[in-house]
Amino acid sequence: MKEYIQERELLLTLHETPGIGWHSIRKAVEYGQWRLYERFSPEAWVSSVGLKPDQAKAISHAFSTVKVEERQERMSKLGIQWITRFDESYPHLLRETPQPPWIIYAMGRVELLNRHAIAIVGTRGPTAYGRKTASDLARRLSERGMTVVSGMAKGIDTLAHEGALEAFGSTVAVLGTPVDRIYPTENRGLYEQIVRKGVVISEVAPGTPFHPGLFPLRNRIIAGLSLGTVVVEAAERSGSLITADQALDMSRDVFAVPGPISSPKSAGTNGLIRQGAKLITSDQDIMEEYEGLLQQPGISNAQVGLKSELQVVHLDENEAVLLQFLQDGPLSIDRLHELSSFPFGLLHSVLINLCIKRKIEQHPGSIYSVM
């Protein structure tokens, strides 16, 4: 266990060293002498791992100056979790992609990263048609148990997140900035909602300066986390088409919403359809591609069954929120307070109602679980 912890910390140090990219880390991982790395000289990094001299100096300096406990404390204060390629909790779909991130920084419900997901992307300046379509699709997919993935950009991304948050599948926001930096700033309210009810992730280390070149890199993560990618509205050279291309490269599904032939903002989506993307007009067109997937043995169906269950037992909205949080395992009342942001008076009342309705049970220490 100690060796495993050391490998995680060493990988994080490699990842956060300026000038060390994905391929350089791969060389270090393939060499695999983790216990030696902290004692490596720059010459050893060059001769043994095959790094360039300036990279070797940077890594040697990083290992000699890193303060692991201070780093852990800093991330803890910010509420940042981090997942490495060595961890079992690493998203299984993302692990299968050609260039999966070595480190994922996350704030929120990290269990969503291993749920069945659909990406929804599109233009930053949608038409009224695009706005309604993105919002409705996201909400309906979320109601059916799908987690919606997008990039929290203006326009279609924002609408996809908002729609998903209205239902039970929730949402994953993949940022091109560090997870503790809100961009665009006008999405602060949405960001806070996603941290509370969904999850915000990034491969960009905290403290990294803003750089527009980081945004195209996050598109591969959006596609990689998802069974398929839906493009709602996109011009001919839209960045959303990059995400669609990457989904195709990963052998994932690509769906496109048709638009008026006279609309420049539908030129990209209509082009995708001509190239073989599946034309969709409803959430059912997407879900029929995954018929039976959400009901397979061994796969959690909590989100799928929750909506029909709520209709039977007549849970109100607050009860539904708490029940959703408890689907993945027991939680303390303090943790439920953090996740829900309910005042303690309301929280106690809702928990009592759920116990009366025999949906949850209370354990010693104010721990609650689903019955």
Side-chain angles (χ1 to χ4, degrees), residues 1-22 24-29 31-45 48-49 51-91 100-111 113 173-183 185 188 191-192 194-196 199-211 214 217-218 221 332 334-335 337-339:
M1 178 61 73
K2 185 176 181 181
E3 183 176 339
Y4 164 72
I5 293 172
Q6 183 190 41
E7 287 182 1
R8 293 183 82 244
E9 294 290 350
L10 292 174
L11 181 58
L12 184 61
T13 302
L14 282 169
H15 178 79
E16 295 190 343
T17 302
I20 304 302
W22 191 91
S24 297
I25 296 175
R26 184 187 64 183
K27 292 178 182 178
V29 171
Y31 184 67
Q33 300 298 315
W34 294 98
R35 280 183 281 184
L36 301 177
Y37 285 161
E38 290 177 295
R39 301 192 298 274
F40 263 20
S41 64
E43 292 74 20
W45 279 106
S48 299
V49 183
L51 300 187
K52 297 176 182 177
D54 56 338
Q55 292 177 317
K57 289 179 182 178
I59 289 179
S60 294
H61 179 261
F63 278 134
S64 65
T65 58
V66 66
K67 297 178 180 178
V68 171
E69 291 183 359
E70 287 185 12
R71 179 170 64 191
Q72 291 175 339
E73 184 178 353
R74 183 173 64 254
M75 287 203 191
S76 179
K77 284 183 177 178
L78 291 171
I80 298 174
Q81 305 174 64
W82 48 283
I83 305 168
T84 79
R85 287 272 302 281
F86 299 142
D87 300 338
E88 290 184 7
S89 59
Y90 191 90
W102 294 106
I103 303 286
I104 297 171
Y105 302 91
M107 296 178 70
R109 299 174 55 206
V110 294
E111 72 273 10
L113 300 177
V174 185
L175 307 187
T177 59
V179 288
D180 59 336
R181 176 167 182 171
I182 301 169
Y183 183 86
T185 54
R188 175 175 295 277
Y191 170 91
E192 291 172 351
I194 297 174
V195 169
R196 190 168 68 251
V199 62
V200 173
I201 70 168
S202 177
E203 69 174 326
V204 182
T208 301
F210 178 88
H211 191 283
L214 296 171
L217 291 175
R218 61 93 185 266
I221 302 176
S332 69
D334 289 334
R335 181 60 177 150
H337 174 63
E338 292 174 8
L339 291 170

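Taking CG from Leu12 and OG1 from Thr17, the interatomic distance works out to 9.0 Å, rounded to the nearest 0.5 Å. Distance CD1/Ile182 to CG/Leu175: 9.5 Å, rounded to 0.5 Å. Interatomic distance, Trp34 CH2 to Leu10 CG, rounded to the nearest 0.5 Å: 6.5 Å. Taken to the nearest 0.5 Å, the CE atom of Met107 stands 10.0 Å off from the CD atom of Glu192.
Note on residues 72-84: pairs passing salt bridge (Lys or Arg N to Asp or Glu O under 4.0 Å), not counting sequence neighbours, are Glu73-Lys77. Applying the side chain to side chain donor-acceptor pair (under 3.5 Å) definition to pairs two or more places apart or across chains, those involving residues 52-61 are Ser24-Gln55. The stretch residues 200-211 participates, sequence neighbours left out, in these salt bridge (Lys or Arg N to Asp or Glu O under 4.0 Å) pairs: Glu203-Arg220.
Proximity of Ser48 to Leu36: side-chain heavy atoms (C-beta onward) are nowhere separated by under 4.5 Å. Pro101 has its side chain within reach of Ile221: a pair of non-hydrogen atoms, C-beta onward, lies under 4.5 Å apart. For the pair Leu11 and Ile25, the minimum side-chain heavy-atom distance is below 4.5 Å. Between His15 and Trp82 the shortest side-chain heavy-atom distance does not fall below 4.5 Å. Side-chain atoms of Leu113 and Tyr90, non-hydrogen and from C-beta on, never get closer than 4.5 Å to each other. The shortest distance between side-chain heavy atoms of Arg71 and Thr13 falls below 4.5 Å.
Across Ala56 and Pro42, no two heavy atoms sit closer than the pair CB-O, 3.2 Å. Of all non-hydrogen atoms in Ala173 and Ile194, the two that sit nearest each other are CB-CD1, 3.9 Å. Closest of all the heavy-atom pairs between Thr208 and Val204 is CB-CG1, 3.5 Å. The shortest heavy-atom contact between Pro100 and Arg85 is CG-NH1, 3.3 Å. For Ile83 against Arg8, the heavy-atom pair with the smallest separation is CA-NH2, 4.3 Å. When all heavy atoms of Lys27 and Leu51 are compared, the closest pair comes out as CD-CD2, 4.0 Å.
Shown here is Arg26, whose CZ atom has more than 12 heavy atoms of other residues, nucleotides or ligands within 6.0 Å.
In this view, Arg335 and Glu338 satisfy the salt bridge (charged side-chain N to carboxylate O under 4.0 Å, His left out) rule, not counting sequence neighbours. Legend: residues meeting side-chain contact (heavy atoms from CB on, under 4.5 Å) with Ala28, ordered by chain and number and at least two apart, are Leu14, Tyr37, Trp45, Val49. Residues satisfying the salt bridge (charged side-chain N to carboxylate O under 4.0 Å, His left out) criterion with Glu111, sequence neighbours excluded, are Arg109.
Put simply, the side chain of Ser202 never gets that close to the backbone of Val179: no donor and acceptor are under 3.5 Å apart.
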- Query: Run the ring-ring contact (aromatic ring centres under 6.0 Å, His included) check on Phe63 and Phe40 step by step: do they pass?
  - Reply: CA-CA 9 Å; Phe63 278 134; Phe40 263 20; 8.9 Å; no

